[in-house]
Each structure stands twice: as structure tokens, then as C-alpha cells.
Amino acid sequence: MLTIHHTKRDFEETDCTVAVLPVGAVEQHGSHLPVGTDTLFAEAFAKGMAEALDAYLLPAIAIASSIEHRKGKGTVYIQSDTLALIVRDIAASLQYAGYRKLIVVNFHGGNWILKPTVRNLNRELTDMDVILLQYDAAAHRHGEIFKHTQGDLHAGEFETSLMLHLYPELVKTIKQSERAREAVPQAFMDYFDVTELTEDGYWGFPEEGTADKGKRVMELLVQCGLDYLDKVERTREEIEQRKK
Ligand SMILES: [Zn+2]
């Protein structure tokens with residue numbers, strides 16, 4: 001695996017053509033989790049992928065699209081359009097440098113602009129594939145690990161578990177919040193700020209979090225991520241085969 005700790009010579013001596021770009025957020029995560037939560041998780045997931053693929057692990061885009069959290073102290077955000085432009089520029093730069101695959105590892109739902117960005121990039125870039133992996137890469141198997149697979153949207157059981165696994169010292173006391181479980185649709189973030197919909201800015205069941213659940217889900221994320229990449233490759237080969 002290559003990182004920004006390596007030199008030009010290190011890069012020259014490998015034939016690495018895969019890059020992994022973590023995308024996180026700097027936004028309030030209630031009273032119990034740090035504002036950099038999504039960035040720390042994106043980095044961990046991306047590192048697991050880069051290690052498995054012997055790829056170039058890029059530094060994270062830490063500040064991203066968190067406008068729906070702007071009323072929570074500690075939040076810093078850029079506009080979604082700006083994020084799309086940054087990812088486009090990074091992809092073009094990597095393609096120029098000879099990379100043939102970029103894996104964008106996103107850990108924040110508010111970075112939804114990445115979806116159309118990746119879809120378009122794959123039509124625009126002639127020599128590079130861009131794959132999007134997200135926090136929900138293992139969601140279809142969350143039932144094996146978590147008590148709550150619904151309504152656990154932000155700083156809840158899933159994220160508190162991951163933090164207890166990765167950085168237990170960063171998990172603070174959970175503040176009681178009745179509205180944290182209220183079933184307003186996630187789409188209501190289009191109209192309201194998260195700190196208006198909940199008392200403490202979290203949305204879900206953080207008290208159910210454990211380090212063991214966090215460890216298991218991080219392993220599952222990498223496993224599901226690798227399976228997904230395989231599936232994309234196999235589909236590409238099948239399509240090529242049919243053309244012949
Ligand atoms: Zn988060």
C-alpha cells in the first residue's frame with residue numbers, strides 16, 4: 001500500500017494503478033462522538049480497502065457536504081457542487097498520472113452528490129473507472145450485528161460501535177434524547193436541520209453500541225467492498241465477452 005508518507009521513488013518502483021479516496025465530514029455527532037467521526041470512519045474503511053488491494057491510499061477529503069448539520073457547533077461544510085468539482089479534479093489528476101481505477105470511499109450520507117458525480121465520471125473519463133463505496137456497503141447484513149437496522153441514522157448504534165472499536169477514548173457520555181428515535185423520514189433533512197429534528201443532534205440508538213459490533217461491521221464493510229468490486233469487474237468482463 002502507498003500513502004502520502006511514501007516518496008516519488010517508492011511510487012516509481014511499484015506498478016500501482018488503483019487509488020482509494022476517503023470522503024468524510026466535519027459535523028456535529030451529538031454530545032458523545034467527535035465532529036470528525038465520518039472522516040475517521042472513511043479513513044479506516046479506505047485503509048482496509050487499500051491494504052487489501054495494495055493501492056494508493058489518498059488523504060481524506062475531510063470537510064464535505066454537511067449543510068444539514070450547520071446549526072451544530074463544530075460543523076464546517078462546503079457546498080455539494082464544490083465537493084463534486086474537487087472529486088472531479090482529483091479523478092482527472094489520477095487518470096493523468098496513470099491510475100486506472102479510483103475507489104471513492106464515502107462515509108457521510110450528506111455527500112449524496114458523489115452518486116451522480118461518479119455516474120458521470122465513468123462516461124467522461126476514457127482511461128479510468130471510478131467506483132463508489134459507501135457507509136451502507138454492508139447494510140444488507142447489518143441485521144447479523146445490530147439491534148436496530150432502521151432509524152439509526154446518525155451517531156447511533158452503528159457509528160458509536162465503530163468509534164468504540166477504532167477510537168474508544170473519543171466516545172463521551174451519551175445525552176438522553178427522546179426525539180432521537182422519532183420516526184420522521186430521513187428525507188426531512190431536505191427541509192430541516194438535524195439539530196432541529198433531534199435534541200442532541202444524534203438520531204438513533206447510541207446506547208446499544210459496543211466495540212465488538214464495531215469491529216465486526218468494519219470487517220464486513222471491507223469484505224462487502226471487495227465483493228462489490230469483484231462483481232463490477234465480472235460484469236465488465238461479461239459485457240466485453242458478449243461484444244466479441
Ligand atoms: Zn456520521
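Small disclaimer: the values here were computed from a predicted structure and weren't measured. Order of listing sets the numbers, starting from 1, for every ligand and every atom in it.
No side-chain donor from either of H5 and D10 sits under 3.5 Å from a side-chain acceptor of the other.
One of the N, O or S atoms belonging to H29 lies under 2.8 Å away from the Zn ion (ligand 1). Within the coordination shell of the Zn ion (ligand 1), defined by N, O or S atoms under 2.8 Å, E159 is present.
The shortest distance between side-chain heavy atoms of F107 and L162 falls below 4.5 Å.
Ring-plane geometry between F192 and F188 is classed as tilted, the angle between the planes lying from 30 to 60 degrees on a 0 to 90 degree scale.
Here the N, O or S atom of D38 that is nearest to the Zn ion (ligand 1) is OD1.
For T210, there are no side chain to side chain donor-acceptor pair (under 3.5 Å) partners at least two apart in sequence or on another chain.
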